[in-house]
Amino acid sequence: GAVVSQHPSWVICKSGTSVKIECRSLDFQATTMFWYRQFPKQSLMLMATSNEGSKATYEQGVEKDKFLINHASLTLSTLTVTSAHPEDSSFYICSAGGHSQPPYFGAGTRLSVL
Amino acid sequence: AQSVTQLGSHVSVSEGALVLLRCNYSSSVPPYLFWYVQYPNQGLQLLLKYTTGATLVKGINGFEAEFKKSETSFHLTKPSAHMSDAAEYFCAVTNTGNQFYFGTGTSLTVIP
């Protein structure tokens, strides 16, 4: 089946630093990618939708200047958490889908901000 | 608008017993419905999906789900639970095939 690779799987950073998370579709072209955030014991909350070659669409309440999304190619989307703070600590999951593919999910990135 | 309700945030079954995880949806258009499983500190793995056609859908690991339009339900079942089935299960709905709305999840515990 289709594979979505997410990297890193776990990152620990100091407060105030920026962290970049990568999401790659390995065997298909992903025209659309999605970024979710998941708090412990909770469901996934959609943060933003990114379409290749255009600006991401952010869900209400998500700060676009804090969570920078770039989808520069059909196989790669990046989420950069800028000036991370402890409250940004969470599990971030991406999904990638094309026109004829259901979205497949990455394995997630656990972000811990000290 | 679309939404998903998963009844029961925690379900415990004995090994070998029937697994039933409930999911009801709300959608103004014919929905696509999905079940995903999540193991600790991992992403989501697709178990099965309903788009069109046969309303009884079979997925991986012996799971199946039945789309019942009259009941707006898409319950997940497995005849005999295995210890390895212990995980978090999410029901999701979409009508575009891309933007998903997830339920709050059901944590399945399998008792030996």
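The basis for the numbers below is simple: all heavy atoms, side chains too, and nothing from hydrogens, waters or symmetry mates. Just so we're clear, the structure is a prediction, and the values are computed from it rather than from any experiment. Letters A, B, ... mirror the listed sequences (proteins, then strands); counts begin at 1.
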Residue Lys64(A) excluded, over 12 heavy atoms near NZ under 6.0 Å: no

Decide if atom NE2 of His85(A) counts as having more than 12 heavy atoms of other residues, nucleotides or ligands within a radius under 6.0 Å. yes

One should read off an interatomic distance between Leu44(B) CG and Tyr104(A) OH, to the nearest 0.5 angstrom, of 13.5 Å

Under 4.5 Å heavy-atom distance to chain A, tell me which part of Gln38(B) shows up: side chain, backbone, both or neither. side chain

Atom pair CD (Gln42(A)) and CZ (Phe102(B)), whose distance is rounded to the nearest 0.5 Å: 14.5 Å

Exam field: side chain Thr104(B) to backbone Ser43(A), donor-acceptor pair closer than 3.5 Å: no

Validation: residues 107-114 of chain A side-chain donor-acceptor distances under 3.5 Å, sequence neighbours left out:
unit_1    : atom_1 : unit_2   : atom_2 : d
Thr109(A) : OG1    : Gln6(A)  : NE2    : 3.1
Thr109(A) : OG1    : Pro8(A)  : O      : 2.5
Arg110(A) : NE     : Asn41(B) : OD1    : 3.1
Arg110(A) : NH2    : Asn41(B) : OD1    : 2.7
Ser112(A) : OG     : Trp10(A) : NE1    : 3.4

Separation between OH of Tyr36(B) and CG of Leu44(A), rounded to the nearest 0.5 Å: 10.0 Å

Any link between Phe39(A) and Tyr39(B) through a network of hydrophobic side chains (Ile, Leu, Val, Met, Phe, Trp, Tyr) touching at under 4.5 Å? no

Under the ring pair (Phe, Tyr, Trp, His ring centres under 6.0 Å) test, which residues partner Phe63(B), sequence neighbours left out? Tyr89(B)

